[in-house]
Amino acid sequence: MYQVVGVRFKKAGKIYYFDPGDLEIKKDCYAIVETARGIEYGKVVIGRKVVSEEDVVLPLKGVIRVANEEDAKQVEKNKADAKTAYEVCVEKIEKHQLLMKLVDVEYTFDRNKVIFYFTADGRVDFRELVKDLAAIFRTRIELRQIGVRDEAKMLGGIGPCGRVLCCSSFLGDFEPVSIKMAKDQNLSLNPAKISGLCGRLMCCLKYENDHYETSKLDLPDIGSQVMTSLGLGKVIGLNLLDRKVQVEIIDSQKVEELPLDDVVQGEFEY
């Protein structure tokens, strides 16, 4: 068992566990921690708690200290310098005529590295670009290619629902989303209606998927025969939310929506 605190470095970013040691660290304060890419500044979103070995990545790095006002000023300076670095990088990309789109720039807290996030359709030879940037900023340069979903998370925006994008407001991780989820929920398969700003399937298709899958287990398959109070019928549709079945009654050729309690599944002779 390990005592940890959960730290987040970006809004809606992943939560990482760190060893708090003997420090008095409370939820919602800011801390300076040691990460794989150097010293970083993050917000404590999970207070001190005990977790099992399976929940942490060993070796567990520690919290160096609770952040102070000087650290907060350093973060603001890094953000301001990152905006300047963004403009410089855009100019250099145009100069080298590279087929890439710069999305964001980030300084590590200790200014040991500048990270440039970009999107591109394929591989990009940016060796000359890196040389130019290193000569200007005189620190380590990292160019990191990201996908369209990560781009949407960084830039933010308003989704088709009229709300701020889930990925940029509260989703820490992207979960797999499939077209089957849209089919199970009887949604239109028009790509324009089930795709987010990133052009991929909307993350919210996942939210209610477990409920639909569970409900589907209790309902008969489409095309199967069922016995109802109105006679023998064939299932032609399902209403998973209301737990009702659309049945075409064989004798009358009428379509009725019946509650699940009025439908008996099995093999019947007509």
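The figures that follow rest on heavy atoms only: side chains count, while hydrogens, waters and symmetry mates do not.
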* side-chain hydrogen bond (donor to acceptor under 3.5 Å, both in side chains) assessment of N78 paired with D81 -> CA-CA 5 Å; N78 289 348; D81 290 346; over 6 Å; no
* Check the pair R163, S169 against side-chain contact (heavy atoms from CB on, under 4.5 Å), reporting the backbone distance first and the verdict last. => CA-CA 10 Å; R163 297 176 63 89; S169 57; over 6 Å; no
* To do: Determine, step by step, whether K95 and L129 satisfy the side-chain contact (heavy atoms from CB on, under 4.5 Å) criterion, reporting the C-alpha distance in whole Å, the side-chain angles of both residues, the deciding distance to 0.1 Å, and the verdict.
  => CA-CA 9 Å; K95 173 186 173 183; L129 174 62; over 6 Å; no
* Between K131 and I141, does a side-chain contact (heavy atoms from CB on, under 4.5 Å) hold up when you go through it step by step? -> CA-CA 9 Å; K131 289 180 182 178; I141 303 295; over 6 Å; no
* V63 and I32: side-chain contact (heavy atoms from CB on, under 4.5 Å), yes or no, with the steps? -> CA-CA 6 Å; V63 177; I32 306 299; over 6 Å; no
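Looking at every heavy atom in both residues, L102 comes nearest to C89 through CD2-CB, 3.6 Å. For the residue pair I194 and A182, the shortest heavy atom distance occurs at CD1-CB, 4.3 Å. Here the closest heavy-atom approach between residue G62 and residue F18 is recorded as O-CD2, 4.2 Å. When all heavy atoms of E40 and F109 are compared, the closest pair comes out as OE1-N, 3.4 Å. Between M202 and P160, the shortest heavy-atom contact is SD-CG, 4.1 Å. When all heavy atoms are compared, the tightest approach of N186 to L238 is ND2-O, 3.3 Å.
By the 6.0 Å contact criterion, CD on E69 is open, its count of non-hydrogen atoms from other residues, nucleotides or ligands being 12 or less.
Contact check for L219 versus L240: side-chain heavy atoms found under the 4.5 Å cut-off. V226 has its side chain within reach of V247: a pair of non-hydrogen atoms, C-beta onward, lies under 4.5 Å apart. Between P176 and K206, every side-chain heavy-atom pair lies at or beyond the 4.5 Å cut-off. Contact check for Y17 versus V5: no side-chain heavy atoms found under the 4.5 Å cut-off. A heavy-atom distance below 4.5 Å is found between the side chains of V130 and L143. At least one side-chain heavy atom of I179 sits less than 4.5 Å from a side-chain heavy atom of L201. Between Q246 and E256 the shortest side-chain heavy-atom distance does not fall below 4.5 Å. No side-chain heavy atom of V7 sits less than 4.5 Å from a side-chain heavy atom of I15.
Atom-to-atom distance recorded for D121:CG and L99:CG is 8.0 Å, nearest 0.5 angstrom. In this structure, the separation between CG on D104 and CD1 on I146 is 8.0 Å, given to the nearest 0.5 Å. Distance check, rounded to the nearest 0.5 Å: CG of D150 to OH of Y117 gives 9.5 Å. Atoms CZ and CZ, from F118 and R144 in turn, are 11.0 Å apart once rounded to the nearest 0.5 Å. To the nearest 0.5 Å, atom CG of residue L230 and atom CG of residue D262 are 6.5 Å apart. Here the CG-CD distance, from N209 to E175, works out to 10.5 Å after rounding to the nearest 0.5 Å.
When hydrophobic clusters are built by joining Ile, Leu, Val, Met, Phe, Trp and Tyr residues whose side-chain heavy atoms come closer than 4.5 Å, directly or via intermediates, V45 is grouped together with L60. Under a hydrophobic clustering in which Ile, Leu, Val, Met, Phe, Trp and Tyr are joined whenever their side-chain heavy atoms come within less than 4.5 Å, directly or via other members, Y107 and V90 fall into the same cluster. By the criterion of side-chain heavy atoms lying less than 4.5 angstrom apart, applied directly or through intervening Ile, Leu, Val, Met, Phe, Trp or Tyr residues, V255 is not grouped with L260; the two fall into different hydrophobic clusters. Residue V44 is not grouped with residue V4 when hydrophobic side chains (ILVMFWY) are merged at heavy-atom distances under 4.5 angstrom, including chains of intermediate members. Placement of I115 and V103 within a single hydrophobic cluster is found when ILVMFWY residues are connected by side-chain heavy-atom separations under 4.5 Å, directly or transitively.
D242 places no side-chain N or O within donor-acceptor distance of the main-chain N or O of K244, the cut-off being under 3.5 Å. Of the possible donor and acceptor atoms, one in the side chain of T108 sits under 3.5 Å from a partner among the backbone N and O of N112. Proximity of a side-chain donor or acceptor of S224 to a complementary backbone N or O of P220 within less than 3.5 Å is not detected. For R8 (side chain) and G13 (main-chain N/O), a donor-acceptor pair under 3.5 Å exists by modelled atom type. T119 places no side-chain N or O within 3.5 Å of a backbone atom of Q145 that could act as its donor or acceptor partner. Side-chain atoms of Q185 come within 3.5 Å of backbone N or O of L205 as a donor-acceptor pair. Side-chain atoms of S168 come within 3.5 Å of backbone N or O of L165 as a donor-acceptor pair.
For the residue pair S52 and D55, a side-chain donor N or O sits within less than 3.5 Å of a side-chain acceptor on the partner. In this model, no donor atom of one side chain and acceptor atom of the other lie less than 3.5 Å apart for N190 and S188.
Using a 4.0 Å cut-off between charged side-chain N and carboxylate O, K216 and E213 make no salt bridge. In this structure, D71 pairs ionically with R65, as a charged nitrogen and a carboxylate oxygen lie closer than 4.0 Å. The pair R127-D125 meets the salt-bridge criterion, since a charged nitrogen lies less than 4.0 angstrom from a carboxylate oxygen. Under a 4.0 Å N-O distance rule, the pair E142/K113 qualifies as a salt bridge. One finds a salt bridge joining K10 and E106 here, because a Lys/Arg side-chain nitrogen approaches an Asp/Glu carboxylate oxygen to under 4.0 Å. A salt bridge links D218 to R243: one of the charged nitrogens lies within less than 4.0 Å of a carboxylate oxygen.
Using cut-offs of 30° and 60° for the angle between ring planes, the F116 and F137 rings count as tilted.
A cation-pi arrangement, defined by a distance under 6.0 Å to the six-membered ring centre and an angle within 45 degrees of its axis, is present between K153 and F174.
Partner Y2 forms a side chain to side chain contact (heavy atoms under 4.5 Å, CB included) with one of D19, V50, V56 and no other, that one being V56.
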